[in-house]
Amino acid sequence: MMMPLGIIPSGPKKTYDLMPFLKPFIDEINELSTKGMRVEKNGEVVYVGKVFILGITGDIPGIASLIYHQGHQAVYESKGMKGTHQLIASLPTFFNTVFFFADEFHLHKNISQLCYDLILPSKNLRFKCINSTDYSFDLNVSSRFFEKIDTYVKDSRQTIPTSFEGNWQRTKGHNRAVDWLDFLLYILPTIVIEHLKHKRTKYALMNLVYVVRLLYNGQFPNLM
């Protein structure tokens, strides 16, 4: 369950500094974590305890704003700020960057879009080494292969279960995160991977698909 504690007004322009809005909440949490809280009902004490924030999560742009970073594609901090704001660091449970939980859904969406860019000839030039003829994500296909994917996807729509969630079409341009995940979980392993030239690339991508599928099914393999 998620409980909204407040709404941050943006105005005509995006608010980049969230700390003035978060300060009242964090100050109250810091007080509850030291002095604790006492809940009574009909004159009887039903709960005594302390309150702590175990972590902060959000989408990637939101977390980037909290740590004063330009975004997941940037190298340097923004606005001359370095590290985590002192307000966040004042929390007794804060210890390092792991305090900011990963946004699993959008992280996998970005991975899916990256896989798409790696195999698409019009986008993968920036990944190739200069004067090298060996590229890990080369495909044994004709130039019209990606047009055929549209046909394969369209022809398969009549057999898709009604419980399927998503927009079943070839991922291209601007799509929702769930559509990019469809590409990673279904189109990539069933249509694309078999046409890759290198066996090691096929193996790596199938392992990626397998792990993401386990995560979204609520299953976590034992890695120990």
Side-chain angles (χ1 to χ4, degrees), residues 1-72 74 77-79 81-112 161-167 176-182 184-185 208 210-224:
M1 181 180 69
M2 181 178 295
M3 296 191 332
L5 298 179
I7 298 175
I8 298 177
S10 178
K13 294 184 179 180
K14 178 180 178 180
T15 301
Y16 287 94
D17 190 2
L18 302 178
M19 297 307 158
F21 302 97
L22 296 178
K23 188 177 186 305
F25 301 118
I26 292 180
D27 287 345
E28 186 173 350
I29 290 296
N30 280 333
E31 185 173 357
L32 291 172
S33 65
T34 53
K35 298 181 180 180
M37 62 183 294
R38 177 188 177 100
V39 180
E40 296 184 4
K41 180 179 180 180
N42 299 327
E44 295 184 5
V45 178
V46 295
Y47 178 80
V48 176
K50 295 182 177 181
V51 179
F52 297 92
I53 294 179
L54 299 181
I56 297 176
T57 188
D59 60 11
I60 294 175
I63 294 298
S65 297
L66 287 175
I67 61 176
Y68 290 103
H69 202 274
Q70 296 181 33
H72 62 286
E77 300 88 351
S78 62
K79 302 180 181 180
M81 302 293 292
K82 293 185 177 181
T84 304
H85 193 277
Q86 184 178 0
L87 183 65
I88 302 294
S90 70
L91 292 166
T93 49
F94 175 82
F95 49 95
N96 58 28
T97 54
V98 180
F99 186 75
F100 300 99
F101 298 153
D103 174 23
E104 182 180 287
F105 182 69
H106 288 90
L107 176 63
H108 293 156
K109 173 263 181 185
N110 291 339
I111 292 175
S112 176
T162 56
S163 60
F164 181 84
E165 295 182 3
N167 185 15
R176 300 173 303 168
V178 66
D179 300 325
W180 281 111
L181 284 171
D182 287 343
L184 177 65
L185 295 175
L208 173 64
Y210 175 70
V211 170
V212 173
R213 188 169 293 165
L214 286 177
L215 290 173
Y216 279 93
N217 287 335
Q219 301 173 17
F220 298 90
N222 184 6
L223 302 179
M224 301 301 291

To the nearest 0.5 Å, how far apart are OG1 in Thr34 and CZ in Phe52? 8.5 Å

Side-chain heavy atoms of Tyr47 within contact of Lys41, under 4.5 Å: no

Between the CZ atom in Arg213 and the CG atom in Leu184, the distance rounded to the nearest 0.5 Å is 8.5 Å

Least distance between heavy atoms, Ser112 atom then Leu181 atom: OG-N, 4.3 Å

Give the minimum heavy-atom separation between Ile88 and Phe99, together with the two atoms involved. CG2-CE2, 4.2 Å

By side-chain hydrogen bond (donor to acceptor under 3.5 Å, both in side chains), which residues pair with Lys23, not counting sequence neighbours? Asp27

Just wondering, more than 12 heavy atoms not from Glu44 lying within 6.0 Å of its CD? no

Any idea which heavy atoms bring Leu87 and Met19 closest together, and the distance? CD2-O, 3.7 Å

Which distance, rounded to the nearest 0.5 Å, do you find between the CD1 of Ile26 and the OG of Ser33? 11.0 Å

Ignoring hydrogens, what is the shortest heavy-atom contact between Met37 and Val51? Give both atom names and the distance. SD-CG2, 3.4 Å

Under the 3.5 angstrom rule, does the side chain of Thr93 hit a backbone N or O of Ile53 as a donor-acceptor pair? yes

